[in-house]
Amino acid sequence: QKPEKLPEDVIFVLSIASSKENRFPKVVTMEITADGKKLPQVPMINAGKQKLSEDDKRNNLETLVTRMKYDIFKQMMQAKSVKLELPDLMLNLDETRMAKMQELNKFLHP
């Protein structure tokens, strides 16, 4: 259902499975690049660390959370490519995720 009014902020969550324990500090800055354009940096909080299965090499899960300005999220939804950079990690959103972002954008901004 389409909201009557667009939000000022969105809650943005990244869950990262890794072989490294305690990969991220309590507060970390995420850099976002959308279609080659740098967007404002976003501070993220490490909201939780937990162990996954001992059988999996990526047995550490960290959850990073932020309250992101909607304008930044909107630019991400409208982009053809998005890169998220954290210390020691770069994530390129794949075609499937970008298609979902663009689908959401068309729904919210017909």
Side-chain angles (χ1 to χ4, degrees):
Q1 185 176 6
K2 185 176 176 179
E4 291 180 25
K5 179 181 161 191
L6 294 173
E8 291 180 28
D9 302 312
V10 295
I11 303 299
F12 189 81
V13 179
L14 282 176
S15 291
I16 301 166
S18 172
S19 59
K20 295 181 181 179
E21 192 170 346
N22 299 317
R23 182 173 190 160
F24 300 104
K26 185 68 178 163
V27 178
V28 66
T29 300
M30 179 173 67
E31 294 194 16
I32 305 168
T33 305
D35 290 337
K37 177 186 171 194
K38 291 265 188 199
L39 303 182
Q41 293 183 334
V42 176
M44 299 196 76
I45 294 175
N46 193 332
K49 301 174 184 189
Q50 67 185 66
K51 288 281 190 191
L52 298 174
S53 167
E54 292 298 325
D55 299 335
D56 190 340
K57 290 181 183 176
R58 298 178 313 155
N59 64 348
N60 297 294
L61 180 70
E62 292 184 71
T63 303
L64 305 177
V65 181
T66 191
R67 186 178 197 120
M68 181 186 290
K69 290 291 179 197
Y70 184 75
D71 183 56
I72 295 171
F73 186 69
K74 182 179 175 184
Q75 291 179 68
M76 291 172 61
M77 287 189 297
Q78 294 174 339
K80 289 184 176 39
S81 67
V82 172
K83 179 172 62 172
L84 308 175
E85 292 181 73
L86 296 158
D88 193 32
L89 180 65
M90 183 176 69
L91 303 168
N92 287 304
L93 299 187
D94 64 19
E95 288 179 18
T96 303
R97 284 182 178 77
M98 289 309 305
K100 290 288 185 189
M101 295 279 280
Q102 291 162 1
E103 183 180 320
L104 178 60
N105 181 56
K106 285 179 186 173
F107 174 74
L108 294 173
H109 309 101

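The figures here come from the full heavy-atom set of this structure, side chains too, leaving out hydrogens, waters and symmetry mates.
Residues L39 and M76 form a side-chain contact, since some pair of their non-hydrogen atoms from C-beta on lies under 4.5 Å apart. Counting heavy atoms from C-beta outward, L108 and M77 have side chains that approach closer than 4.5 Å. Counting only heavy atoms from C-beta outward, the side chains of N60 and K51 approach each other to under 4.5 Å. Contact annotation: the side chain of M30 approaches that of F12 to within less than 4.5 Å [non-hydrogen atoms, C-beta and beyond]. Side-chain contact between P40 and K69 is absent, with no heavy-atom pair separated by less than 4.5 Å. Side-chain atoms of V65 and M44, non-hydrogen and from C-beta on, never get closer than 4.5 Å to each other.
Hydrophobic cluster membership differs between L89 and L52, with clusters built from Ile, Leu, Val, Met, Phe, Trp and Tyr side chains linked at under 4.5 angstrom. Tracing side-chain contacts under 4.5 Å through hydrophobic residues (I, L, V, M, F, W, Y), one never reaches V13 starting from V28; they form parts of separate clusters. Residues I72 and L91 fall within the same hydrophobic cluster, defined by Ile, Leu, Val, Met, Phe, Trp and Tyr side chains chained together at heavy-atom separations under 4.5 Å. Hydrophobic clustering (side-chain heavy atoms under 4.5 Å, transitive across Ile, Leu, Val, Met, Phe, Trp, Tyr) keeps F24 apart from I45.
Between K20 and E62 no salt bridge is recorded (no basic side-chain N to carboxylate O distance below 4.0 Å). Salt-bridge check for K49 with E21: failed, with every basic side-chain N at 4.0 Å or more from each acidic carboxylate O. The residues R97 and D94 are annotated as salt-bridged, a charged nitrogen and a carboxylate oxygen being separated by less than 4.0 angstrom.
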Taking it one step at a time, do R23 and L86 satisfy side chain to side chain contact (heavy atoms under 4.5 Å, CB included)? CA-CA 10 Å; R23 182 173 190 160; L86 296 158; over 6 Å; no

Working for side chain to side chain contact (heavy atoms under 4.5 Å, CB included), residues E31 and K38: CA-CA 7 Å; E31 294 194 16; K38 291 265 188 199; 3.2 Å; yes

Begin with the C-alpha distance, continue with both residues' side-chain angles, and end with the deciding distance and a verdict on side chain to side chain contact (heavy atoms under 4.5 Å, CB included) for L84 and M90. CA-CA 6 Å; L84 308 175; M90 183 176 69; over 6 Å; no

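Here M101 contributes atom CE and K80 contributes atom NZ; the two are 14.0 Å apart, rounded to the nearest 0.5 Å. The CG atom of N105 sits 14.5 Å away from the NZ atom of K100 when rounded to the nearest 0.5 Å. A distance of 12.0 Å separates NZ in K83 from CD1 in I32, rounded to the nearest 0.5 Å.
D35 approaches A79 most closely through the heavy-atom pair OD2-CA, 3.3 Å. Across all non-hydrogen atoms, the minimal contact from Q75 to A34 is O-CB, 4.1 Å. When every heavy atom of L64 is checked against every heavy atom of N46, the shortest pair comes out as CD2-CA, 3.7 Å.
Counting non-hydrogen atoms of other residues, nucleotides and ligands closer than 6.0 Å to CG of L93 gives a total above 12.
Side-chain heavy-atom separations under 4.5 angstrom define the hydrophobic clusters, and V27 shares its cluster with no other residue.
Side-chain N or O atoms of T63 include none that pairs as donor or acceptor with a backbone N or O of S15 at under 3.5 Å.
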